[in-house]
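Working notes, beginning with the structure itself.
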Amino acid sequence: MIKRNIYLRLLLSIVGTTVLVLAMQTALLFITTNIAERTWKEKVFDDYVSTLSANFSDNPGMSFADMLYTLADSAPDRVSGLLIRDEMGDVSISIGASARGDYIPQPFDGGQLFDSYRSSSMAIPKTFSVSVNTSDDYVMEEISAPEYKIDIHSRTIAGNLIIDSIEVRKSGLSGKNEIKIPSVIKNNDIAGTIVLYNNGNVYGYIDILVFDIDVYGPTEMLIRDVAGKFFIFLPIAVIFSLVAGYFISKRNVRMIREIKRALRDLANGNYHAKIDKKLVAYEDFEVIAESIDQLGDDLDRHRKSRREWLKNISHDLNTPLTSMNILLSGAEDGLFPLNSDLIKALKKEADILAGRIASVNYYSTLLSQRELNTVSADITEILASAIYGRSCCTLEKDDGIPPLDVDYDLVKRAFSEILDNSEEYGEKGGTTSIAVRMEKDGVAVYFTNRGHLPSPRPPFFEPWARGDASRHEGGSGLGLPIVHQIMELHHGSVEIDELDGFVEVRLFFPHGEKN
């Protein structure tokens, strides 16, 4: 079994994401329903008051009994019931049902508002039924609901209250009031309260009960249908995510295992390991597959380069040693006289050997170097220092070349190596043209002279990568690799190319490099 099996992890991540999304949708459903329920009750209450106000306006001069009848008759079918409280705030009359359709018990007795309503009870709208039995099943509840005020101006004629005017106005949200209401009523069942004022005095209160949004007929059907489909979809979505996760994870795992196999082959020295492109289904995996193929090619090339490096370094270091041995053996056998010419010849070969060993040491130091001793320097001044003493160079530059933050000694060494290569491999007696140019992202230095590059072109920037045809001309074989490493340390680049019989080397120094 694979430790932390990738297939299982992918599958569980897909399923976990699906479950999380579904859980969030479920929470959103309940939150939205809760908000909709509150909005629903407020809207029903406002609509009821608007209808009530219009009915009052259409029937001026009504009696008090007619007003109470209008209070009940104006209620739409979304209103489940009314609690009519007396001037003291105690429930006098209960009409209809609770927000969930439960029967509301009738209180024992009522105040003057009950007496007024009883006189109109024969004309109670069919929308409601007035409960007639009494009960002591009441509880104290704290309510806070939107509130309207009805200001009534009335007079008594022949023992009857006659209303002269009725004004309905909104008074905002009532404070938290603790009242005694039937136990089947909850505080959030009351969508709003209407306060009745008669000639400036509180006459009573009317609490509007609204069916819960999930109890009211048409809405209940809609909610049940939506919720039912949602909860039916929930297990289907989980099953679908399991099936989809299985196939997606399985395919991804095949690709990941193919990558593991290729990397294992590379680690074991099989640099020709390739990834089956049939398994590559996604762009990211395609990039990984291409990178692994490229890595294998690079590792194979570096392996061959190391072999070539060992062969060439032994050749380049052995050549001056062989020459010295020949001279010394000849002197020992009396073939060469032991004079100053022999000593000069031996010293020359020793200097060549020392120079090549020094180049190897210098290149090794560059490979391990991580920091530069940077200074702000004029690139043309460094060029002038590298050119000093050479008679076959010309220098030109663009105006406004800015100073660069570079390691002065390393850059001078890079310029000197390029010039040495130009003199060694370029046209004999030719001139090397040097140009410093401002470019978009930095400064470029061009070295140009007559000559030809070997064909096929060797990897110039790898150690001892000279063409075989030039090997007899000597040199350490580390000139361009040293230049390349110096430019890498400066976050720059070096390029070499041939055009129309001219060889051009371009060194590029970017602006704002971070060393």
Is the shortest side-chain heavy-atom distance between [X] and [Y] below 4.5 Å?
| X | Y | value |
| --- | --- | --- |
| Glu495 | Val505 | no |
| Val483 | Asn421 | no |
| His511 | Asp441 | no |
| Ile179 | Asp207 | yes |
| Ile185 | Glu141 | no |
| Pro402 | Met438 | yes |
| Val436 | Asp398 | no |
| Asp405 | Leu372 | no |

In a check of side-chain contact (heavy atoms from CB on, under 4.5 Å) between Leu366 and each of Ile486, Leu478, Asn361, which one passes?
Ile486
Is it true that, when you exclude Met24 itself, more than 12 heavy atoms of the residues, nucleotides or ligands shown sit nearer than 6.0 Å to its CE?
no
Pair Leu507-Val411, side chain to side chain contact (heavy atoms under 4.5 Å, CB included): steps then yes or no
CA-CA 10 Å; Leu507 274 61; Val411 173; over 6 Å; no
Please name the pair of heavy atoms, one in [X] and one in [Y], separated by the smallest distance, quoted to 0.1 Å.
| X | Y | answer |
| --- | --- | --- |
| Ala191 | Pro146 | O-CD, 3.3 Å |
| Ser416 | Arg390 | O-NH2, 3.7 Å |
| Gly192 | Ala145 | CA-CB, 3.9 Å |
| Phe447 | Phe415 | CZ-CD2, 3.6 Å |
| Leu209 | Ser98 | CD1-CA, 4.5 Å |

Between [X] and [Y], is there a donor-acceptor pair closer than 3.5 Å when you use the side chain of the first and the backbone of the second?
| X | Y | answer |
| --- | --- | --- |
| Lys41 | Asn188 | yes |
| His490 | Asp407 | yes |
| Thr432 | Cys393 | no |
| Ser385 | Glu381 | no |
| Glu439 | Ala444 | no |
| Arg100 | Val184 | yes |
| Ser171 | Glu147 | yes |
| Asn339 | Leu342 | yes |

Spacing of [X] atom [atom1] and [Y] atom [atom2] [to the nearest 0.5 Å]:
| X | Y | atom1 | atom2 | result |
| --- | --- | --- | --- | --- |
| Met324 | Glu349 | CE | CD | 7.5 Å |
| Thr193 | Ile208 | OG1 | CD1 | 7.5 Å |
| Phe45 | Arg78 | CZ | CZ | 13.5 Å |
| Ile387 | Ile434 | CD1 | CD1 | 3.5 Å |
| Ile418 | Ile496 | CD1 | CD1 | 7.0 Å |
| Leu404 | Ser376 | CG | OG | 7.5 Å |

Does the side chain to side chain contact (heavy atoms under 4.5 Å, CB included) test come out yes or no for Tyr148 and Asp46, once each step is laid out?
CA-CA 9 Å; Tyr148 278 85; Asp46 289 338; 3.3 Å; yes
Tyr362: partners by side-chain hydrogen bond (donor to acceptor under 3.5 Å, both in side chains), with sequence neighbours left out
none
Glu504 meets the side-chain hydrogen bond (donor to acceptor under 3.5 Å, both in side chains) criterion, sequence neighbours left out, with none
Criterion side chain to side chain contact (heavy atoms under 4.5 Å, CB included) on Val445 and Phe509, from CA distance to verdict
CA-CA 8 Å; Val445 182; Phe509 297 88; 4.3 Å; yes
Please report the C-alpha distance between Ser493 and Arg506 in whole Å, then the side-chain angles of each, then the deciding distance to 0.1 Å, and finally whether the side chain to side chain contact (heavy atoms under 4.5 Å, CB included) criterion is met.
CA-CA 8 Å; Ser493 62; Arg506 175 181 177 271; 4.2 Å; yes
What I want to check is whether the side chains of Asn373 and Tyr408 have a donor and an acceptor closer together than 3.5 Å.
no
Look at Lys347 together with Asp351 and state whether they make a salt bridge at an N to O cut-off of under 4.0 Å.
yes
